Amino acid sequence: MLEMTREQFEELVSQALDRIPPELTRLMDNVAVFVEDEPDPGDPDLLGLYEGTPLTDRGEWYAGVLPDRITIYRGPTLRMCETQEDVVAETEITVVHEIAHHFGIDDERLHALGYG
């Protein structure tokens, strides 16, 4: 398994977020991004997780709620990647994938677009 500190991995996630076009980041609403070392033991290979209400599902009732949560997992990413470059690429794909869920794009569409 590749070695990378949590701080280094957090920086990769931050860089991936910085590469999201500004016209999209301006549309993101009430969402926070976190880095965790490991996902739930029931899904040890999970790279990222979106928890919340996608923008496409929000209505008049959506007010005063906690932010949506995007979590990117360091351990599974490092275990699946062979090189530092692989980690950079996989982290970017995972960040885009989870942000797409915030915009209401489902897994089937993401896989078709190459973000599976």
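None of these values were measured; they are calculated from a predicted model.
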* **Derivation and outcome, side-chain contact (heavy atoms from CB on, under 4.5 Å), residues V87 and F9** => CA-CA 9 Å; V87 175; F9 190 78; 4.2 Å; yes
* **Worked verdict on W61 versus T53 for side-chain contact (heavy atoms from CB on, under 4.5 Å)** => CA-CA 11 Å; W61 59 268; T53 303; 3.7 Å; yes
* Apply side-chain contact (heavy atoms from CB on, under 4.5 Å) to the pair E90 and D86, showing each step before the final yes or no. => CA-CA 6 Å; E90 192 57 52; D86 291 343; 5.9 Å; no
* Are V96 and I20 close enough, and set up right, to give a side-chain contact (heavy atoms from CB on, under 4.5 Å), and what steps lead you there? -> CA-CA 8 Å; V96 169; I20 303 294; 3.8 Å; yes
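Across all non-hydrogen atoms, the minimal contact from P76 to P44 is CG-O, 3.4 Å.
L2 and I93 end up in the same hydrophobic cluster when Ile, Leu, Val, Met, Phe, Trp and Tyr side chains are linked at under 4.5 Å. Y73 and V88 fall into different hydrophobic clusters, where Ile, Leu, Val, Met, Phe, Trp and Tyr side chains are chained together by heavy-atom contacts under 4.5 Å. Following chains of ILVMFWY side-chain contacts shorter than 4.5 Å, one can reach L55 starting from I70, so the two form part of one hydrophobic cluster. L78 and V13 fall within a single hydrophobic cluster, where Ile, Leu, Val, Met, Phe, Trp and Tyr are joined by side-chain heavy atoms under 4.5 Å apart, directly or via other members. Cluster annotation: L27 is connected to L17 through the hydrophobic network of ILVMFWY side chains, with a link wherever side-chain heavy atoms come within less than 4.5 Å.
A cation-pi arrangement is present between R69 and F34 under the rule of less than 6.0 angstrom and at most 45 degrees off the ring axis.
Cluster partners of L66: none. The rule joins Ile, Leu, Val, Met, Phe, Trp and Tyr whenever side-chain heavy atoms lie under 4.5 Å apart, and it links nothing here.
Identified under the salt bridge (charged side-chain N to carboxylate O under 4.0 Å, His left out) test for residues 7-28, with sequence neighbours left out: R6-E10, R19-E92.
Atoms CG and OG1, on L12 and T94 in that order, are 11.5 Å from each other to the nearest 0.5 Å.
Between the side chain of R74 and the main chain of M4, a donor-acceptor pair closer than 3.5 Å is present.
Side chain to side chain, D57 and Y62 fail the donor-acceptor criterion of an N or O pair below 3.5 Å.
For the side-chain contact (heavy atoms from CB on, under 4.5 Å) with E98, the lone residue among I72, T71, V33, V31 that qualifies is I72.
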Table please: side-chain donor-acceptor pairs of residues 99-107 below 3.5 Å, with sequence neighbours left out.
from	atom 1	to	atom 2	distance (Å)
H101	ND1	I105	O	2.9
H101	NE2	H97	NE2	3.0
H101	NE2	D107	OD1	3.0
H102	ND1	D68	OD2	3.2
H102	NE2	D29	N	3.2
D106	OD1	E108	N	3.4
D106	OD1	R109	N	2.9
D107	OD1	H97	NE2	2.9

